[in-house]
Amino acid sequence: MEPSTPYGRSPSTPYRCAAPIPYGHSPSVLSVRLLAALLLVLLVVPEAAADDGPGAPTGWTVRPAGGGGGGQETRPYVYGEATPATVLQDLLSVTNPARTPLTVRLRGDGPAGAGLRFAAETVTVPARTRADVPFALSVPGDAVPGDLAGEIVAVGGGQEKRVPVRVRVGGPTLAALTVEDVEVSGRTIRYALVNRGNAPLRPRLAVRADGVFATLLDRPARPLDLELAPGRRVELTEPWPDVPALDSVTVRLRVAAEGGARDEAAASAVYVPVAPVVGGGLLALGVLALLGTGTYRRRRDGRGTAMADPAGTAVTGLDGATVIKPAGATLADPDGMSDTGPDHTTDSGPDRTTDTGPQAAQPAQESDPLVKAGAES
């Protein structure tokens, strides 16, 4: 049997055996090109990343230190739990990948950042180096239970970077809310809310107004659009467009919040129509003016009648009384002084002087006829 080939026919020419080539050493144009590209990347890319230019390092980072395996930083922010009057300690990592030193200034910001203290507020990080900066966070003794937020601010190389800080403060919570300074002014009710506790509150308000005979206003409790922080005071107003025209009212405010906080306060007001009051006042003034005018005219008419009496001369004294002085008689002053001159004498002739004292001031009286008859007999 003739030997056969894999194709079932005799070879036209005999096979030639080539020398064996070791595995992995076969030349390839594609392999050469890939090797050249890899060398180019290794030589050029690190050089571009490291060459940041003199005095202007870029690409530096700041973050909480530690927390991950294999050199990976996993903490996105600083977090801690504490009670009032305690201190938290941690580390902050500043990494400088550039070939020049980097100077960074550190400070705190926000409510939680106010208690931050760094081992060094200005840190110089050498080239291609990471510096871990210790810092402490003090929680105030009067801190209220809840969450505090802040930031660590790092400034360097013409850039500013921030690291969030979160602190949860534990301890007992106290909810206390008061309503104060309630006042009713026209169509507006004014009042103030004060958070007397150590927890934030979202208050609810109910309003009621009672008149003399009926309830004039009754608004059920509703939430107010505000959050009252501990120790905060806020002044608010409540509109009341349908006030009564004539009534005496008592307005009562009730406030409540979560945690059992509640309080109540009241104020009173009197509503009187403006137009009737003004009209009544003007009418009273008119009546008084008419009465005064009539009295003055009567006194003036009486005084004129006395002055026109033919039997004598009418003289009005200081007390308003009218006295008729007969013709030729002298009327004395109330103090016993004559009204005829400073010398208190009346000249009735060349050689006669008349005393004008209290006795002479009396009008002359005629003698009794019976007395005259007896004298003549």
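Heavy-atom basis, side chains included; hydrogens, waters and symmetry copies ignored.
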>> Using the rule given for salt bridge (Lys or Arg N to Asp or Glu O under 4.0 Å), can you reason through Arg162 versus Asp109, listing the C-alpha separation, both sets of side-chain angles and the distance that settles it, and then say yes or no?
In response: CA-CA 9 Å; Arg162 294 173 176 262; Asp109 190 22; 3.2 Å; yes
> Sequence neighbours excluded, which residues qualify as side-chain hydrogen bond (donor to acceptor under 3.5 Å, both in side chains) partners of Arg222?
Replying inline: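 With neighbours one apart ignored, the set is Glu238.
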Which atom pairs, donor and acceptor, lie under 3.5 Å between side-chain atoms of residues 133-149 and protein residues at least two apart or in another chain?
residue : atom : partner : partner atom : Å
Asp147  : OD1  : Arg168  : NE           : 2.9
Asp147  : OD2  : Arg168  : NH2          : 3.3

Could you pull out the closest heavy-atom pair between [X] and [Y], with the gap in Å?
X	Y	result
Thr215	Arg208	OG1-NH2, 3.1 Å
Gly150	Ala112	N-CB, 3.6 Å
Asp132	Ser93	OD1-OG, 2.6 Å
Pro164	Pro76	CD-O, 3.8 Å
Leu116	Glu151	CD1-O, 4.0 Å
Pro97	Gly59	CG-O, 3.5 Å

Are the side chains of [X] and [Y] in touch, meaning some heavy atoms are under 4.5 Å apart?
X	Y	value
Val163	Leu92	yes
Val167	Leu88	yes
Tyr271	Val184	yes
Tyr191	Leu205	yes
Val94	Val123	no
Val272	Val270	yes
Asp90	Arg75	yes
Thr178	Asn195	no

Does [X] share a hydrophobic cluster with [Y], counting links as ILVMFWY side-chain heavy atoms below 4.5 Å and allowing steps through other members?
X	Y	result
Val125	Phe118	yes
Val155	Leu106	no
Leu217	Leu246	no
Leu228	Leu224	yes
Leu91	Ile152	no

> Does a sphere of radius 6.0 Å around OH in Tyr77 hold more than 12 heavy atoms from other residues, nucleotides or ligands, not counting ones at 6.0 Å or beyond?
Replying inline: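 Counting other residues, nucleotides and ligands, OH of Tyr77 stays at 12 neighbours or fewer.
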>> So for atom CD, which belongs to Glu160, do other residues, nucleotides or ligands contribute more than 12 heavy atoms lying within a distance under 6.0 Å?
In response: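 For Glu160, atom CD is crowded (more than 12 foreign heavy atoms under 6.0 Å).
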> Does a side chain donor of either Asn96 or Thr129 reach within less than 3.5 Å of an acceptor in the other side chain?
Replying inline: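 No pair is found: no donor N or O on one side chain lies under 3.5 Å from an acceptor on the other.
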[atom2] on [Y] to [atom1] on [X], rounded to 0.5 Å:
X	Y	atom1	atom2	answer
Gln89	Arg117	CD	CZ	14.0 Å
Thr61	Arg63	OG1	CZ	4.5 Å
Arg204	Leu177	CZ	CG	10.0 Å
Leu253	Asp263	CG	CG	10.0 Å

Does [X] come within less than 4.0 Å of [Y], counting only side-chain N to carboxylate O?
X	Y	value
Glu183	Arg190	no
Glu264	Arg262	no
Arg233	Asp181	yes

> Does the pair Glu121 and Arg107 meet the rule for a side chain to side chain contact (heavy atoms under 4.5 Å, CB included), with working shown?
Replying inline: CA-CA 7 Å; Glu121 295 183 353; Arg107 62 180 176 86; over 6 Å; no
> Are Ile189 and Thr237 close enough, and set up right, to give a side chain to side chain contact (heavy atoms under 4.5 Å, CB included), and what steps lead you there?
Replying inline: CA-CA 6 Å; Ile189 304 172; Thr237 60; over 6 Å; no
Which atom pairs, one a donor and one an acceptor, fall under 3.5 Å between side chains of residues 196-203 and the rest of the protein, sequence neighbours left out?
residue : atom : partner : partner atom : Å
Arg196  : NH2  : Glu180  : OE2          : 2.6
Asn198  : OD1  : Leu174  : N            : 2.5
Asn198  : ND2  : Pro172  : O            : 3.3

>> Evaluate Trp240 against Val207 for side chain to side chain contact (heavy atoms under 4.5 Å, CB included), listing each step before the verdict.
In response: CA-CA 10 Å; Trp240 187 13; Val207 184; over 6 Å; no
>> Checking Val255 against Leu193 for the side chain to side chain contact (heavy atoms under 4.5 Å, CB included) test, could you report, in this order, the C-alpha distance in whole Å, the side-chain angles of both residues, the deciding distance, and whether it holds?
In response: CA-CA 9 Å; Val255 293; Leu193 296 180; 3.6 Å; yes
>> Quick check on side chain to side chain contact (heavy atoms under 4.5 Å, CB included): which of Asp210, Asp242, Asp247 does Leu216 satisfy it with?
In response: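 For Leu216, the side chain to side chain contact (heavy atoms under 4.5 Å, CB included) check succeeds only for Asp247.
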>> Quick one: does any side-chain atom of Trp60 pair with a main-chain N or O of Gly156 as donor and acceptor, under 3.5 Å?
In response: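 Pair found, side chain donor or acceptor close to backbone of Gly156.
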